[in-house]
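See structure below.
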2 protein chains.
Amino acid sequence: MSDLLERLRGRGWRMTSQRRVVAEVLDGDHVHLTADEVHARAAARLPEISRATVYNTLGELVVLGEVSEVATDGRAKRYDPNGHTPHQHLVCSGCGSIRDVRPTGNLLAGLPQEERFGFTLSAVEVTYRGLCPDCA
Amino acid sequence: MSDLLERLRGRGWRMTSQRRVVAEVLDGDHVHLTADEVHARAAARLPEISRATVYNTLGELVVLGEVSEVATDGRAKRYDPNGHTPHQHLVCSGCGSIRDVRPTGNLLAGLPQEERFGFTLSAVEVTYRGLCPDCA
DNA sequence: TTCTTGACTTGGACTCCGTCCATCGTAGGA
DNA sequence: TCCTACGATGGACGGAGTCCAAGTCAAGAA
Ligand SMILES: [Mn+2]
Ligand SMILES: [Mn+2]
Ligand SMILES: [Zn+2]
Ligand SMILES: [Zn+2]
C-alpha cells in the first residue's frame, strides 16, 4: 500500500493534507482500526482534521477497493487496509481482537447449487470465533 | 419453536403478556426481523408494549440460545428464530434480503492449525453475498 | 506567478440503533 | 387475598454515522 498515494493521484484525487494523513495512518501496522481510531491517529499529525473528513475518505477508499470494511458485531466498523489480499477474520470472543487468516479451499464451493436459490454469488465472508491464548 | 413458551416456563420465566407476544411474533414465518420490526408486529397485538421490553426479551432469548443475532451490515441487527438449527446466510447485495443456507462440509476444518494462532475456535459465521434473481 | 473555480473540509445538527434508569405494575407463590 | 421481587414502561441518554451550508484551497488556466 506504499504506492497508495500514487494510485489515488492516478484516479484524479485532489491530494489534500487530510487525505494524505488518513492514507498514511492506514499504511502503518496492518491492524483493524475503527473510524474514530483512524481519526485520533490522524489528528495526532493534523490536529484540525474533522471526523466527517475521515469518514468521507474511508468511504472513498472502500469504494476504490483499497480498504475494506469489517463489521464483526454491533460495534463500530473496522477498516482493513489489507484490501488487495483476500482473507478472512478470526475474532476473539473475549477481548474482541482480530487476526487475519487464510482458510484453505474454495469457500464459494461450499455452497451447493441447490442452496443458492438463483443468486449470483460474488463474495464470501467468514468470521471464525473463539478465545485467543490470552483470554482462554 | 412451537414449544418455546414451554421451555421458557421451564427455565423459570415469569410469563407476561409481553413476552408471550414477542415469542409469538418470532414463532411466525422464519424471517429475519429487526428489533423494531418485532416491536411493530408485537404492538399490533399488544399496543402498549415498549421498545425496551422488546429489546430485553430478544436479549434474553439470545442468551438462552432460542434466537440468534445476525449483523450483516452496519444497520440494525436482525433476529433469527432459527436458533436451534445451525445455518448460514445468503444476503442480496441489492435489496438486502436474507436466505438461510446450509453449506456442505465442516466449516471449521477450513482453517488449518497453523492459521489458528492458538485460538480455541468455537463457531464460524459465513455470509455469502450476491444478487438475488430479482435484483440480477 | 496569480487567478479562478469547483472539489474538498469543517463542525454542528441530526438520525438511527440501542442502553439505562427510576418508577410503576403484576405474576405467581404464601 | 396479599406481598413482593421480577418485569414493563417511557424518556433520557450514548455511540456511530450521515448530512448540510458555509468556508477553504488544490491545481489547472493564463
Ligand atoms: Mn483483515
Ligand atoms: Mn437465519
Ligand atoms: Zn482475547
Ligand atoms: Zn435482491
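A, B, ... follow the sequence lines: proteins, then strands. Residue 1 opens every chain.
- None of I49(A), L58(A), T53(A) except one satisfies the side-chain contact (heavy atoms from CB on, under 4.5 Å) rule with H39(A); the exception is I49(A).
- The side-chain hydrogen bond (donor to acceptor under 3.5 Å, both in side chains) test with H32(B) is passed by exactly one of K77(B), E69(B), R78(B), H89(B): H89(B).
- A52(B) comes within 4.0 angstrom of a nucleotide base, judged by non-hydrogen atoms across all strands.
- The separation between M15(B) atom CE and dC6(D) atom P is 16 Å, rounded to whole Å.
- Not a single donor-acceptor contact under 3.5 angstrom links the side-chain atoms of R51(B) to the base of dG10(D).
- Distances shorter than 4.0 Å separate none of the side-chain N or O atoms of S50(B) from OP1 or OP2 on dA8(D).
- In this structure, the CZ atom of R20(A) is 11 Å from the P atom of dT9(C), given to the nearest Å.
- The CD-C1' distance, from E60(B) to dT19(C), rounds to 14 Å in whole Å.
- Closest heavy-atom contact between L90(B) and R116(A): CD2-O, 3.6 Å.
- In this structure, R11(B) places its CZ atom 18 Å from P of dC6(D), rounding to the nearest Å.
- For Q18(A) and dC25(D), the shortest distance from a side-chain N or O to OP1 or OP2 is not below 4.0 Å.
- The distance from atom CZ of R78(B) to atom C1' of dG18(C) is 15 Å, rounded to the nearest whole Å.
- In this structure, the nucleotide among dC17(C), dT9(D), dG11(C) sitting nearest to the side chain of D36(B) is dC17(C).
- Looking at which nucleotide of DNA chain D each of T16(A) and E48(B) is closest to, the 5′-most match is held by E48(B).
- Evaluation of atom-type donor-acceptor distances gives no pair under 3.5 Å for the side chain of R14(A) against the base of dA27(D).
- Here R41(B) does not pair with E24(B) in a salt bridge; the nearest charged N to carboxylate O distance is not below 4.0 Å.
- In this structure, the CG atom of L58(A) is 12 Å from the P atom of dT9(C), given to the nearest Å.
- Remark: Y79(A) OH to L61(A) CG distance equals 10.0 Å, nearest 0.5 Å.
- Taking the nucleotide of DNA chain C with the nearest heavy atom to each of R9(B) and R75(B), the more 5' of the two is matched to R75(B).
- Phosphate proximity of dG18(C) to Y55(B): present, with a side-chain N or O under 4.0 Å from OP1 or OP2.
- The side chain of N56(A) approaches dT9(C) more closely than any other nucleotide in the set dA8(D), dA16(D), dT9(C).
- Atom NE2 of H39(B) is separated from atom P of dG10(D) by 8 Å (rounded to the nearest Å).
- Taking atom CH2 of W13(B) as the reference point, atom C1' of dA5(D) lies 17 Å away to the nearest angstrom.
- When distances are taken from the side chain of R19(A) to each of dG17(D), dT10(C), dC8(C), the shortest belongs to dC8(C).
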